[in-house]
**Q** 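Just dropping this structure here.
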Amino acid sequence: MAETLLQNIFGTNPDLNVQCSDNEIFHVSRTVLMEASPVWHAMLGEDFTESSDKLVQFSDDPSDALRIVFSILYGVYDIEAIDNREVAAIVDKYNLGGAKKVLDLVTEVH
């Protein structure tokens, strides 16, 4: 099982583990996810009951696509790696408005 720690340029520490469909785990900031998406805000908001390891299952989402989405949210993405239908599906699924703008810009560039 691979694990990825995303360095946060926003000053909040990773406090949540997100496990993908292929069992890769991302260490991310709950705050960054909640700010990025109303879906994640509802999922991880006040009613969120954390397990002891602060693990959340994104069992329908592949790690390759989530890695790109998280890198967009953290501002460390590679523009060449973004052209991906799975990424667009995740952006739509979780209503990631800021990431959608990045995808639209990338589409214009390509």
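Residues: numbered from 1 along the sequence shown.
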**Q** Kindly indicate, with the supporting measurements, whether the criterion side chain to side chain contact (heavy atoms under 4.5 Å, CB included) is fulfilled by Val18 and Ile25.
**A** CA-CA 5 Å; Val18 173; Ile25 295 176; over 6 Å; no
**Q** How far does NE2 of His27 sit from CG of Leu16, to the nearest 0.5 angstrom?
**A** 10.5 Å
**Q** Taking it one step at a time, do Val32 and Phe70 satisfy side chain to side chain contact (heavy atoms under 4.5 Å, CB included)?
**A** CA-CA 9 Å; Val32 170; Phe70 290 153; over 6 Å; no
**Q** Once rounded to the nearest 0.5 Å, what's the spacing between atom CG of Asn23 and atom CD of Gln57?
**A** 7.5 Å
**Q** Could you measure the distance from the OG atom of Ser21 to the CD atom of Gln19? Nearest 0.5 Å is fine.
**A** 9.5 Å
**Q** Please lay out, stage by stage, how Met43 and Val56 fare under the test side chain to side chain contact (heavy atoms under 4.5 Å, CB included).
**A** CA-CA 10 Å; Met43 181 190 309; Val56 176; 4.2 Å; yes
**Q** Looking at every non-hydrogen atom in both residues, tell me the closest pair between Trp40 and Met34 and how far apart they are.
**A** O-CG, 4.0 Å
**Q** Please enumerate all residues that pass side chain to side chain contact (heavy atoms under 4.5 Å, CB included) together with Asp64, with sequence neighbours excluded.
**A** Arg67
**Q** What's the shortest heavy-atom distance between Cys20 and Pro62, and which atoms?
**A** CB-C, 4.2 Å
**Q** Nearest 0.5 angstrom please: Arg30 CZ to Glu35 CD, how far?
**A** 11.5 Å
**Q** Table please: side-chain donor-acceptor pairs of residues 86-100 below 3.5 Å, with sequence neighbours left out.
**A**
{"from": "Lys93", "atom 1": "NZ", "to": "Asp61", "atom 2": "OD1", "distance (Å)": "3.0"}
{"from": "Tyr94", "atom 1": "OH", "to": "Asp61", "atom 2": "OD2", "distance (Å)": "2.5"}
{"from": "Lys100", "atom 1": "NZ", "to": "Asp104", "atom 2": "OD1", "distance (Å)": "3.1"}

**Q** Can you measure from OG (Ser63) to CZ (Phe58) and round to the nearest 0.5 angstrom?
**A** 13.5 Å
**Q** Can you tell me how far CG of Leu66 sits from OG of Ser71, rounded to the nearest 0.5 angstrom?
**A** 10.5 Å
